Protein chains: 2
Amino acid sequence: MFQSKALPKHCDVCTIRRRSICGALSADEIEAMNQIAHRRHCEAGAVIMHEGEKQDCFGNVLNGVVKLTKTMTDGRQHIVGLLFPSDFLGRAMRVESPYRAEAVTDVELCLFPRADFERIMLRYPDLQSRLLAHTLDELDACHDWTLLLGRKNAFERVASFLLMIARRAQDLGCKADPNEDSAAFVLPLGRSDIADFLGLTTESVSRQITKMKRDGVISLHGNREVQVPSMGQLLKLADLAPCDTRA
Amino acid sequence: MFQSKALPKHCDVCTIRRRSICGALSADEIEAMNQIAHRRHCEAGAVIMHEGEKQDCFGNVLNGVVKLTKTMTDGRQHIVGLLFPSDFLGRAMRVESPYRAEAVTDVELCLFPRADFERIMLRYPDLQSRLLAHTLDELDACHDWTLLLGRKNAFERVASFLLMIARRAQDLGCKADPNEDSAAFVLPLGRSDIADFLGLTTESVSRQITKMKRDGVISLHGNREVQVPSMGQLLKLADLAPCDTRA
DNA sequence: CGGTATTTTGAGTAACCTCAACTGGTGTGG
DNA sequence: CCACACCAGTTGAGGTTACTCAAAATACCG
């Protein structure tokens, strides 16, 4: 199996290339992307883009987790999305960012200046196609989230959240035995960010987690390390509420 | 101003062409689209696509309103999106539909068989580009909706809903004097669909609407015809709650 | 080990839901 | 033309969920 052209060094070793919008690009296209790309490191808590301000870069998340937040005029906050490694950061085809992007953990980014990116996208339809696929997946996820926010109770919301994190962690780690029904992972978010993601308060999140521990659905080591003995059970709980909430 | 090629009859008179994914396509591309297109009429209440079932067509909404719903295993329902004339119907690049699509009013569609559409999309990057633009707009709207569902109270939700409908009605009618602060429109949805869209119950929607009437924010003629004396006021209420709910 | 931030727990409350009854408009049939 | 049923919407009373505010417990970090 020969490649007609060697990949640029960075891209060749890029762990998320195939899953990102760069996946399935030809060596030429990759080369063009690499020409305009630069790396950037952000510490946990750093703001990458401001809501309503001009975006000067788009890019791929190489490592870490980014949260996308919207804020109401009176200060109420909500997390509209989380980005994991291989996700695309930035709102293409628009000058201003519709949300604030903030590093939740330390983050490594592979960024493209907006103008250059848009130029290249016009030239390479494959890139557009990949971006479209990513955007459609994001839209599906967002639809699922509206169902969660519109119709699920606090317990189901937290269960759904854990499920989502477990899956993304599994995707990244890729070590999973498909027969394995148990899982373990580290929460990238604190209780208050989880609350902002689920449309709840910190206290409510905490209560539901406590309840899950009591019920044996999960066990915790410290505040962030979660073990799930049965993902199957968690899956059921995420969709079908245990309708007694007696604390 | 000459056109190098005449447009197909249907497309030439199509009222929503420029706003739809067909907008900005060349005469050749339009011709290709027209080749595979067929019209379909759906009566109010008709199911256009079933959740989880194979999509055999994509297409443009020419007329009427379509609701996209998701259902939980225990029957709880939620509307994840509304489609108006010029919106694109169907989840591209996927075989199964992630939601149920149902005609809310009588609906006129311009449909493309899935396989044909995908073939043409590969050939004409402009089409992909338009679809990407539409999908990104939908994603923005969905993000706004998660903010609504996650953080707004019942009153703000109904205000936001009226605002959205007013804007879409205005877009379509296109008659608006931009200085005009008042508006009038017909609700495409009944109370219970509004509730499913806003994550509330019929009763809660009804109470908020009653409150708005009492406060002079809107007036009704029948159950569906709404008049808004001041859109500016409605805009404020959609984001900033009047926190007393005394009935 | 001590200081700080985060999380948990508790008690009381407000917002929204549930259930049930009522209203008003529409359509049908005697 | 009126009586009746039917449906969507409204209103009311009471219950439940999740929120608010406050304090205690725990985890994290130098």
Side-chain angles (χ1 to χ4, degrees), chain A residues 43-45 74-78 104-106 148-159 161-162 186-215 218-226 241-247, chain B residues 44-45 74-78 104-105 148-159 161-162 186-215 218-226 241-247:
Chain A
E43 301 218 323
D74 64 355
R76 275 174 284 176
Q77 268 208 354
H78 187 65
V104 170
T105 63
D106 280 15
L148 176 142
L149 293 169
R151 290 294 177 224
K152 290 188 184 178
N153 63 28
F155 189 90
E156 295 168 307
R157 293 185 195 196
V158 174
F161 174 76
L162 294 178
V186 174
L187 294 176
L189 303 181
R191 300 290 184 270
S192 117
D193 277 336
I194 297 176
D196 280 344
F197 196 38
L198 298 177
L200 299 170
T201 57
T202 342
E203 295 94 327
S204 289
V205 172
S206 176
R207 276 184 245 273
Q208 301 308 323
I209 288 181
T210 302
K211 184 162 149 55
M212 286 183 171
K213 274 193 294 189
R214 249 202 332 267
D215 295 358
I218 59 170
S219 60
L220 291 188
H221 296 288
N223 281 330
R224 302 251 181 153
E225 288 168 47
V226 183
C243 273
D244 66 316
T245 318
R246 57 185 130 81
Chain B
D74 64 354
R76 276 174 284 175
Q77 268 207 355
H78 187 66
V104 170
T105 63
L148 176 142
L149 294 169
R151 290 295 178 222
K152 290 188 184 177
N153 63 29
F155 189 91
E156 294 168 307
R157 292 185 197 196
V158 174
F161 175 76
L162 294 178
V186 175
L187 293 176
L189 303 182
R191 300 292 185 269
S192 112
D193 275 338
I194 297 175
D196 279 344
F197 197 38
L198 298 178
L200 299 170
T201 57
T202 345
E203 296 93 330
S204 288
V205 172
S206 177
R207 276 184 246 273
Q208 301 308 324
I209 288 181
T210 303
K211 183 162 150 54
M212 286 183 170
K213 274 193 293 190
R214 249 204 331 268
D215 295 358
I218 59 170
S219 60
L220 291 188
H221 298 288
N223 282 329
R224 302 252 182 156
E225 289 168 48
V226 182
C243 273
D244 65 316
T245 318
R246 57 186 129 77

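Bear in mind the structure is a predicted one, so any value in this text is a computation, not a measurement. Residue numbers start from 1 in every chain, and the chains themselves are labelled A, B, ... in the order their sequence lines are given, proteins ahead of strands.
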Quick check: does any side chain N or O of [X] sit under 3.5 Å from a backbone N or O of [Y], one acting as donor and the other as acceptor?
X	Y	value
B:His78	B:Asp196	yes
B:Arg157	B:Ala195	no
A:Glu156	A:Asn153	yes
A:Arg191	A:Asn223	yes

* Asked: Of all the nucleotides listed (D:dT11, C:dT7, C:dC16), which has the minimum atom distance to the side chain of B:Ala154?
  ->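 Given the options D:dT11, C:dT7, C:dC16, the side chain of B:Ala154 is closest to C:dC16.
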* If you check the B:Asn153 side chain, which of D:dT10, D:dA18, C:dC16 turns out closest? ->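 Nearest to the side-chain atoms of B:Asn153, counting from C-beta on, is C:dC16.
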Nearest-Å distance, [atom1] ([X]) to [atom2] ([N])?
X	N	atom1	atom2	answer
A:Met212	C:dT7	CE	C1'	16 Å
B:Glu225	C:dG25	CD	P	14 Å
B:Leu187	D:dA8	CG	P	15 Å
B:Leu200	D:dT10	CG	C1'	16 Å
A:Lys213	C:dT9	NZ	C1'	11 Å
B:Lys152	C:dC16	NZ	C1'	18 Å
A:Asp196	D:dC19	CG	C1'	14 Å
A:Arg151	D:dT17	CZ	P	16 Å

* List for me each residue that meets side chain to side chain contact (heavy atoms under 4.5 Å, CB included) alongside B:Ser192, sequence neighbours excluded, and say none if there are none. =>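 Testing B:Ser192 for side chain to side chain contact (heavy atoms under 4.5 Å, CB included), a comparison that skips the adjacent residues, returns B:Thr202.
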Enumerate the protein-to-nucleotides 28-30 of chain D contacts in which both atoms are nitrogen or oxygen and the separation is below 3.5 Å.
none

For [X] and [N], is the shortest distance between a side-chain N/O and OP1 or OP2 below 4.0 Å?
X	N	answer
B:Thr201	C:dC17	yes
B:Ser206	D:dT11	no
A:Ser204	D:dA18	no

Close N/O contacts between protein and nucleotides 19-24 of chain C (under 3.5 Å):
unit_1, atom_1, unit_2, atom_2, d
C:dC19, N4, B:Glu203, OE2, 3.0

Could you tell me if the side chain of [Y] sits less than 4.5 Å from the side chain of [X], heavy atoms only?
X	Y	value
A:Met212	A:Leu162	yes
A:Lys213	A:Leu220	yes
A:Phe161	A:Leu189	yes

* Closest contact, heavy atoms only, B:Leu149 versus B:Leu198 ->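 Looks like CD2-O, 3.3 Å.
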* Tell me which of A:Arg157 and B:Leu220 sits closer to the 5' end of DNA chain D, going by the nucleotide each one is nearest to. =>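 That would be B:Leu220.
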